[in-house]
Amino acid sequence: MGTTEGPRRITMTPAARRALEAAARLFYERGIHAVGVDLIAAEAGVTKKTLYDRFGSKEQIVVEYLADRDERWRAFLAEHLDAAQPAPEARVLAVFDASRAWSVKNSSKGCSMVNAHAEISDPSHPAHPIITGQKEWMLALFTDLAGDIAPGGAAQLGRTLMLLHEGALVAHGLHIFPDPIGHAREQVRTLLALAGGAAA
């Protein structure tokens, strides 16, 4: 889904991997702008020079952080979709099940892409295409799945599913009420029953 050329990536050495793991934790917990290269180096147990030798810039560390997270999410989601029942409604619900499981394990502060976009809104930033690319990919996925439920209204249903999904991710990070992704899943179940009936 999507053929846009990906961002420039680096080859990971053990030191670079340690630095990326430290940066990922710090960026997610504290925010990208709040975390400097000195802190990443200290947390990773490497020198600042090693960090720049491996990555070249803080921007590249941010690219690697978001690209790695995106790759892990897509693989995680693929496993859930592969395990889902073949019915298109079940596959849509499997996306919400995957998001719920991922968020509990990896995203206590909400979606890393949404959080990153709050800090990186400049399209010229090398990480910006990763952020928007994941959301475009999710919309394409929902639209594709919607096409099997309501072929004549796939675009509209896909956008509605996307809005429910993204809203649930944001609500999860805000901790205003319990289990927003589970709540969204139940709303989606009702929506799909109506959409399927209308398409029949």
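Basis for what follows: all heavy atoms, side chains included, without hydrogens, waters or symmetry-related copies.
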Subject >> For the student: nearest non-hydrogen atoms of Ala22 and Glu43, plus distance >> reply: CB-CB, 4.0 Å
Original post:
Same cluster or not: are Met113 and Leu26 linked, directly or through other Ile, Leu, Val, Met, Phe, Trp or Tyr residues, by side-chain heavy atoms under 4.5 angstrom apart?
Top reply: yes
Original post:
What distance separates Leu20 CG from Ile10 CD1, expressed to the nearest 0.5 Å?
Top reply: 7.5 Å
Original post:
Does any non-hydrogen side-chain atom of His125 lie less than 4.5 Å from one of Val62?
Top reply: yes
Subject >> Atom of Tyr28, atom of Ser108 and distance for their closest heavy-atom approach >> reply: OH-N, 3.4 Å
**OP:** Return the minimal non-hydrogen interatomic distance between Ala150 and Ala195, and the atom names on each side.
**Re:** CB-O, 4.4 Å
**OP:** Determine yes or no for a side-chain-to-main-chain donor-acceptor pair under 3.5 angstrom, with Thr132 supplying the side chain and His128 the backbone.
**Re:** yes
Subject >> Neighbour count >12 (heavy atoms, 6.0 Å) for atom CZ, Arg72 >> reply: yes
**OP:** Answer yes or no: is there a side-chain heavy-atom contact under 4.5 Å between Arg54 and Ile61?
**Re:** no
Subject >> Interatomic distance, Thr13 atom OG1 to Arg18 atom CZ [nearest 0.5 angstrom] >> reply: 8.0 Å
**OP:** Measure the CG-CG distance between Leu157 and Leu145 for me, rounded to the nearest 0.5 Å.
**Re:** 9.5 Å
**OP:** Compare every heavy atom of Ala116 with every heavy atom of Ile131, then report the nearest pair and how far apart it is.
**Re:** CD1-CB, 3.8 Å
Original post:
Val35 and Ile130: same hydrophobic cluster, using ILVMFWY side-chain contacts below 4.5 Å?
Top reply: yes
Original post:
Does Asn106 reach the side chain of Arg69, with side-chain heavy atoms less than 4.5 Å apart?
Top reply: yes
Original post:
Quick one: CE on Met138 to CD on Glu166, what's the gap to the nearest 0.5 Å?
Top reply: 6.5 Å
**OP:** Check Ala84 against Ala90 and note the closest heavy-atom contact, atom names and distance.
**Re:** CB-O, 4.2 Å
**OP:** Could you check if a side-chain atom of Arg159 sits within less than 4.5 angstrom of a side-chain atom of Thr143, using non-hydrogen atoms only?
**Re:** no
Original post:
Should we say atom NZ of Lys109 is surrounded by more than 12 heavy atoms from elsewhere, each under 6.0 Å from it?
Top reply: no
Subject >> Where Ala16 and Phe55 come nearest, the two heavy atoms and their spacing >> reply: O-CZ, 3.5 Å
Original post:
Does Arg9 pair with Glu71 as a salt bridge, N-O distance under 4.0 Å?
Top reply: yes
**OP:** Indicate, with yes or no, if Leu39 and Val37 share a hydrophobic cluster defined by side-chain heavy-atom contacts under 4.5 Å among Ile, Leu, Val, Met, Phe, Trp and Tyr.
**Re:** yes
Original post:
Any donor-acceptor pair under 3.5 Å linking the side chain of Glu89 with the backbone of Leu192?
Top reply: no
Subject >> Flag, side chain of His80 to backbone of Phe76, donor-acceptor distance under 3.5 Å >> reply: yes
**OP:** Check whether any side-chain heavy atom of Trp137 lies under 4.5 Å from a side-chain heavy atom of Leu77, and answer yes or no.
**Re:** yes
Subject >> Side-chain touch Ile149/Pro88, heavy atoms, less than 4.5 angstrom >> reply: yes
Subject >> Side chain proximity check, Cys111 to Val170, heavy atoms < 4.5 angstrom >> reply: no
Original post:
Would Phe27 and Ile40 count as a side-chain contact (heavy atoms from CB on, under 4.5 Å) if you check the C-alpha gap in whole Å, the side-chain angles of each, and the deciding distance to 0.1 Å?
Top reply: CA-CA 9 Å; Phe27 286 154; Ile40 296 170; 3.8 Å; yes
Original post:
Is there a donor-acceptor pair closer than 3.5 Å between any side-chain N or O of Glu119 and the backbone N or O of Ile32?
Top reply: yes
Original post:
Is it the case that Ser107 and His172 place a side-chain donor and acceptor less than 3.5 Å from each other?
Top reply: no
Subject >> Heavy-atom side-chain contact between Val114 and Lys135 under 4.5 Å >> reply: yes
Original post:
Around Gln156, counting heavy atoms of other residues, nucleotides and ligands shown, do more than 12 lie under 6.0 Å from its CD?
Top reply: no
Subject >> Hydrophobic cluster membership, Leu66 vs Leu51, 4.5 Å side-chain cutoff >> reply: yes
Original post:
Can you hop from Val188 to Leu141 via hydrophobic side chains spaced under 4.5 Å?
Top reply: yes
Subject >> side chain to side chain donor-acceptor pair (under 3.5 Å) between Arg8 and Gln60, worked out >> reply: CA-CA 8 Å; Arg8 182 181 72 82; Gln60 188 62 37; 2.9 Å; yes
Original post:
From Glu29 CD over to Arg25 CZ, what is the distance, rounded to the nearest 0.5 angstrom?
Top reply: 5.5 Å
Subject >> Between CG on residue Leu164 and CZ on residue Phe142, distance to nearest 0.5 Å >> reply: 8.5 Å
Subject >> Arg189 to Phe96 six-membered ring, cation-pi geometry met (6.0 Å, 45°) >> reply: no
Original post:
Any donor-acceptor pair under 3.5 Å linking the side chain of Thr50 with the backbone of Val46?
Top reply: no
Subject >> Member of Val92, Val95, Leu93 meeting the side chain to side chain contact (heavy atoms under 4.5 Å, CB included) criterion with Arg185 >> reply: Leu93
**OP:** If the plane angle is over 60° it's perpendicular, under 30° parallel, otherwise tilted; pick one for Trp102 and Trp73.
**Re:** perpendicular
Original post:
Has the side chain of Arg91 got a donor or acceptor atom that lies under 3.5 Å from a matching backbone atom of Leu81?
Top reply: yes
